[in-house]
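Following: one structure in structure tokens, then a few remarks.
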Amino acid sequence: MSDDMPAGASDARERVVQSFTAFSAAQNELSRCFARSMGMHTTDAAAIVLIIEAEDLGRPLTPARLAERVGLSPGATSILLGRLEVAGHVERTREGTDRRIVTLRSTAAINAAADAFFEPLQQQLGRVLGEFTTAQLDTITRAADTLRTAMETYLGDSPSSAQTDSNPSRDSHR
């Protein structure tokens with residue numbers, strides 16, 4: 001830290017980090033609560049949310065991409081997808097001209113369940129965010145994006161990240 005930092009800047013920065021950390025913890029608890037409401041493991045629920053989010057963005061996931069996103073080996077991801085298929089939450093499809101590529105699609109039933117769970121929160125968050133000006137929201141977004149990028153850079157540069165990426169057996173301990 002710089003010696004010429006304005007008084008209180010260090011405390012303000014610490015409060016911002018603490019607030020984002022608390023928000024992240026609340027999001028994690030929300031994921032666990034969604035999983036409990038669906039009677040499934042948190043990893044299964046996280047996978048469903050990722051699949052739905054990717055579909056909403058028009059970029060559906062493949063099993064390999066899902067494995068990367070949830071941090072599972074390809075074999076563990078295949079088992080997870082099998083559970084989700086049997087439960088009627090996910091379908092594996094072949095959509096493009098290259099029929100070897102498998103695309104993951106959520107079912108209407110799981111979308112309805114996710115909407116029922118998350119929609120009240122979306123409405124509440126919309127009301128809360130409505131209290132801020134566009135300029136304030138832009139600042140919040142910039143701060144969140146910059147902090148996320150810093151964390152992703154740290155994770156990518158960390159020695160344990162390289163070790164984890166090269167160790168597919170890490171999933172056997174989950």
Side-chain angles (χ1 to χ4, degrees), residues 17 19-119 121-122 125 140-174:
V17 171
S19 289
F20 278 111
T21 300
F23 181 81
S24 178
Q27 272 193 307
N28 289 338
E29 181 56 28
L30 180 66
S31 293
R32 288 187 293 273
C33 186
F34 175 63
R36 284 190 304 270
S37 77
M38 297 300 301
M40 64 177 64
H41 189 275
T42 55
T43 305
D44 293 11
I48 287 171
V49 169
L50 289 169
I51 291 166
I52 292 172
E53 286 175 347
E55 286 177 303
D56 288 347
L57 294 172
R59 298 185 306 240
L61 295 175
T62 63
R65 178 66 61 175
L66 178 64
E68 291 172 6
R69 302 279 304 275
V70 295
L72 295 176
S73 68
T77 302
S78 183
I79 292 168
L80 176 147
L81 288 171
R83 282 193 308 268
L84 296 179
E85 280 182 309
V86 168
H89 300 318
V90 172
E91 297 172 345
R92 296 183 224 207
T93 64
R94 288 177 166 68
E95 301 171 3
T97 55
D98 186 344
R99 305 291 290 164
R100 296 172 296 173
I101 297 175
V102 174
T103 302
L104 302 175
R105 294 289 180 181
S106 58
T107 63
I110 194 62
N111 272 283
D115 288 346
F117 181 87
F118 289 107
E119 185 59 33
L121 174 62
Q122 291 296 351
L125 292 176
I140 294 167
T141 301
R142 187 168 50 92
D145 288 346
T146 302
L147 290 169
R148 178 185 41 79
T149 299
M151 188 174 293
E152 288 171 349
T153 299
Y154 173 79
L155 289 170
D157 292 345
S158 116
S160 63
S161 174
Q163 181 182 17
T164 300
D165 290 344
S166 65
N167 184 5
S169 68
R170 73 187 188 282
D171 298 322
S172 64
H173 296 31
R174 289 188 180 179

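Here the structure is a predicted model, which is why all the values come from computation and not from measurement. Both backbone and side-chain heavy atoms feed into the values below; hydrogens, waters and symmetry mates do not.
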Step-by-step side-chain contact (heavy atoms from CB on, under 4.5 Å) determination, V90 to R105: CA-CA 6 Å; V90 172; R105 294 289 180 181; over 6 Å; no
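Checking each of I48, L50, I51 against L104 for a side-chain contact (heavy atoms from CB on, under 4.5 Å) leaves exactly one that passes, namely I51. A side-chain hydrogen bond (donor to acceptor under 3.5 Å, both in side chains) with S106 holds for exactly one of H89, E55, E91, E53; it is E55.
Using a 4.5 Å heavy-atom threshold, the side chains of I101 and R94 count as separate.
The distance from atom CG of L72 to atom OG1 of T77, rounded to the nearest 0.5 Å, is 4.5 Å. The CZ atom of R83 sits 4.0 Å away from atom CG of D44, with the distance rounded to the nearest 0.5 Å. Rounded to the nearest 0.5 angstrom, T103 OG1 and R65 CZ are separated by 12.5 Å. Rounded to the nearest 0.5 Å, atoms SG (C33) and CE (M38) are 12.0 Å apart. Taken from CG in L84 to NE2 in H41, the straight-line distance is 12.0 Å, to the nearest 0.5 Å. Taken from OG1 in T62 to CD in E68, the straight-line distance is 7.5 Å, to the nearest 0.5 Å.
Minimum interatomic distance between S31 and A45 (heavy atoms only, all atoms of both residues): O-CB, 4.5 Å. Between I52 and A114 the shortest heavy-atom distance is CD1-CB, 4.0 Å. Smallest separation of non-hydrogen atoms from I140 and F20: O-CZ, 4.5 Å.
Not one N or O on the side chain of S78 forms a donor-acceptor pair closer than 3.5 Å with the backbone of P74.
Side-chain contact annotation: E95 with T93, donor-acceptor N/O pair under 3.5 Å present.
Under 4.0 Å is where a charged nitrogen must lie from a carboxylate oxygen, and between D145 and R148 at least one such pair does.
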